[in-house]
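A quick write-up on the structure given underneath.
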Protein chains: 2
Amino acid sequence: MANIQEVAKQAGVSIATVSRVLNNTSKVSEKTRFKVEKAIQELNYAPSMLGRNLRNSESRLLLVLIHTFSNPYYTEIITGIEDYAIENNYNILLCETDDNLQREDIFLNMVRNKLADGIISMNPTVHVDKLKELANSHSIVLCSDYYEDADIPYIAIDNTIAAYRAVKYLITMGNNKIGLINFNENLLYAKQRRIGFENALNEFQLPICDEWIHHSDGLTFQDGVEAMRRMLRSKNRPTAVFAISDTLAIGALKELHAQGIKVPQEMAIIGFDNIAFSSMTTPTLTTVSQPKYQMGYRSAKMVIDHIQGLTIENVIMDYELIIRESTLE
Amino acid sequence: MANIQEVAKQAGVSIATVSRVLNNTSKVSEKTRFKVEKAIQELNYAPSMLGRNLRNSESRLLLVLIHTFSNPYYTEIITGIEDYAIENNYNILLCETDDNLQREDIFLNMVRNKLADGIISMNPTVHVDKLKELANSHSIVLCSDYYEDADIPYIAIDNTIAAYRAVKYLITMGNNKIGLINFNENLLYAKQRRIGFENALNEFQLPICDEWIHHSDGLTFQDGVEAMRRMLRSKNRPTAVFAISDTLAIGALKELHAQGIKVPQEMAIIGFDNIAFSSMTTPTLTTVSQPKYQMGYRSAKMVIDHIQGLTIENVIMDYELIIRESTLE
DNA sequence: ACAAAAAATGTAAACGTTTTCATTAAGTTT
DNA sequence: AAACTTAATGAAAACGTTTACATTTTTTGT
């Protein structure tokens, strides 16, 4: 493939001029612009990003760290990220860490290696320390999960209040025995949602019953199935369950159906995230909706702004309670 | 950030030597290796991929073209692609074309611009011609959808036979009025699945009834809802429906439920793809399973092999009929 | 028609690597 | 200890751009 040199030769100009017409960076006369464009055509030339990136010392790539693709929660966020990125001539490098320390290491190093200009992490990374250190010298934004003390810019919703509101809703619907299906509470959002859950119960002086609180190992549908199965082993059952993610809630729903327990009559279920599936279940799932697309879009803006030297602020987004069949009576 | 020059200076060696210890590319004495490693440590040096990529004229990036993230069909494939890519020191650039011609153009150009070394396209691209032309000089592999005449390497299942088998199964379950929910038949896989559908009906001398054949505009759940809604407008209804994708099937299921039509007793439904959610619906969905992870993994191998100059063969994968509640009686 | 100002173009360095080829240092053989 | 082979290292070019600065060409005002 031709390079800028050959184009210059073919057009009878210097490479500087070719570069100028390529980037519209300073005036070049109509006549020479035409000559250059003709040469570009004839040689079927396309500028090399490798050369350009080296010269500009930027890659115009954004790393997006997620735990696993199979979690549908991410899809809309990623769409938002990509939209903003493309609009600003960036591309996104999607990285699935899958709890693999080694892989995470590779990914984090990419930004040191200049392969990526910044990171959007949606990954409750195991390497908090490494991430923190990296954030000193590079552009990193945390999206939807973050660390309280880490001083890395983030965008998220107020999980504590959102969970509180969800559980309060269950209570006002007449439930006074409320269970929780949570994920690993080392994750801040899991911890916060639990606190919100407890706040609501406390406010109404309802019992917080360990028998009704179960933790899953992951966030797949199957993990939800299993959590609910465990919960149903005890005779004393809650009349409503708050699941910390829609995937878990949907799995729970499935297990309830399998055991012939009617939702919402015998047990109400509320999820979190409003993934696309949640309106396709039977019954449809009540859930807390995060503005996922917007969170993605804005986190991309944040990281790009930061790359370009602007100072950025944390942002807290609004959530919304979406009431569907799984909690109606 | 330090560069190789400074490391060399600090270690008191030449940059060539530093490069050698970095890449283990030729022998360097224990003593100097140690010196260099010490210098790297002290300067907290990480080699720049920008320089390396330019010098090696490769980006070690793979473009993965998909239509939209929101289609859960892709997730497992992408995981497969990424696994093979990472194992071979490549990364993947995920590109959502979203039917946007301009955006697709940008993406296709990336490979000409050397930003990517190869493309895995899962996108029924509008620019077939451009893709074909690109394939002459670059590494492109089509995954799961392909073009018959285009002479671009592909990996897929035999959609015609798979659809035939699925519909035949419906017939042997006693259905003789069978409908189809299809997508845009310009896509080869859609066309092929329709042919398989017709082959089965013809074999058993069953009618192919236009009233029972509906096309959706997209592949979202909602598209499935709407297709089924249209189908239910006519009094004369099929007793079973083959939907060309699980998302459409799940939407159809939802609409049947909404209209109080019992599945599978009054109408059986079969989908295609075996997405994770298909075992979470009520009833669970019978479907044709493609080995999605493997298809991803192998398509990554194909494109990387091709990049490295090997000749590659098209591959046809096996499928599997997964029988669940939506077709049992 | 000439000087001065403005516009257009060219030259060359720089970005950070890898690698060929040349050179020096270290062993080996006689 | 000299001559030779092998191992280790260094010098410099190359990858393909962009851009500061220098130079040339064109335009303007007199």
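Phosphate proximity of dG10(C) to S14(A): present, with a side-chain N or O under 4.0 Å from OP1 or OP2. Contact annotation: N56(A) side-chain N/O to dT17(D) OP1/OP2 distance is not under 4.0 Å. Applying the 4.0 Å criterion to OP1 and OP2 of dA8(C), one finds that T32(A) has every side-chain N and O outside that range. Taking 4.0 angstrom as the limit, T17(A) places none of its side-chain polar atoms (N or O) nearer than this to OP1 or OP2 of dA8(C).
Electrostatic pairing of D305(B) and R298(B) does not count as a salt bridge here, judged by no charged N lying under 4.0 Å from a carboxylate O. With respect to E30(B) and K35(B), no salt bridge is recorded, no charged nitrogen being found less than 4.0 Å from a carboxylate O. Look at R103(B) and D83(A) and you find a salt bridge, because one of the NZ, NE, NH1 or NH2 atoms lies within 4.0 Å of a carboxylate O, short of that distance. Ion pairing between a basic and an acidic side chain is recognised when a charged N comes within 4.0 Å of a carboxylate O; K292(B) and D273(B) show no such pairing.
Nearer the 5' end of DNA chain D, as judged by each residue's closest nucleotide, is the contact made by V28(B), out of N3(A) and V28(B). DNA chain C is contacted by both A16(B) and G51(B); G51(B) maps to the nucleotide lying nearer its 5′ end (nearest heavy atom per residue). Both K114(A) and V13(A) lie near DNA chain C, and the one whose nearest nucleotide falls closer to the 5' end is V13(A). When each of R33(B) and V18(A) is assigned the nucleotide of DNA chain D bearing its nearest heavy atom, the one mapping closer to the 5' terminus is R33(B).
Between the CG atom of L54(A) and the P atom of dT19(D) there is a distance of 13 Å, rounded to whole Å. Between the CD atom of E30(B) and the P atom of dA7(D) there is a distance of 16 Å, rounded to whole Å. Rounded to whole Å, atom C1' of dT17(D) lies 18 Å from atom NZ of K9(A). Spacing between atom CD of Q5(B) and atom P of dG10(D) amounts to 13 Å, rounded to whole angstrom units. Residue R20(B) contributes atom CZ, which lies 11 Å from atom P of dA11(D) at whole-angstrom precision. Spacing between atom CG of N113(A) and atom P of dT18(C) amounts to 11 Å, rounded to whole angstrom units. Taking atom NZ of residue K27(B) and atom C1' of nucleotide dT6(D), one finds them 13 Å apart after rounding to whole Å. With rounding to whole Å, I15(B) atom CD1 is found 13 Å from dT9(D) atom C1'.
For the pair I92(B) and A85(B), the tightest heavy-atom approach, listed with the atom from each and the gap, is CG2-CB, 3.9 Å.
Among the heavy atoms of the strands, none lies under 4.0 Å from S57(A). Heavy atoms of I4(A) sit under 4.0 angstrom from at least one base atom. Among the heavy atoms of the strands, none lies under 4.0 Å from N53(B). Contacts of L50(A) with the nucleic acid, taken as non-hydrogen atoms under 4.0 Å apart, are absent.
Of the candidate nucleotides dT9(C), dT17(D), dT9(D), dT9(D) has the atom lying nearest to any side-chain atom of S29(B). Listed nucleotides dT18(D), dA12(D), dG16(D) differ in distance to R52(A); the shortest reach to its side chain belongs to dT18(D).
Within 3.5 Å, no donor on the side chain of R55(B) pairs with an acceptor on the base of dG16(D), nor the reverse.
Taking the six-membered ring where tryptophan is involved, the planes of Y84(A) and Y297(A) are perpendicular, since the angle between them exceeds 60° and thus also 30°.
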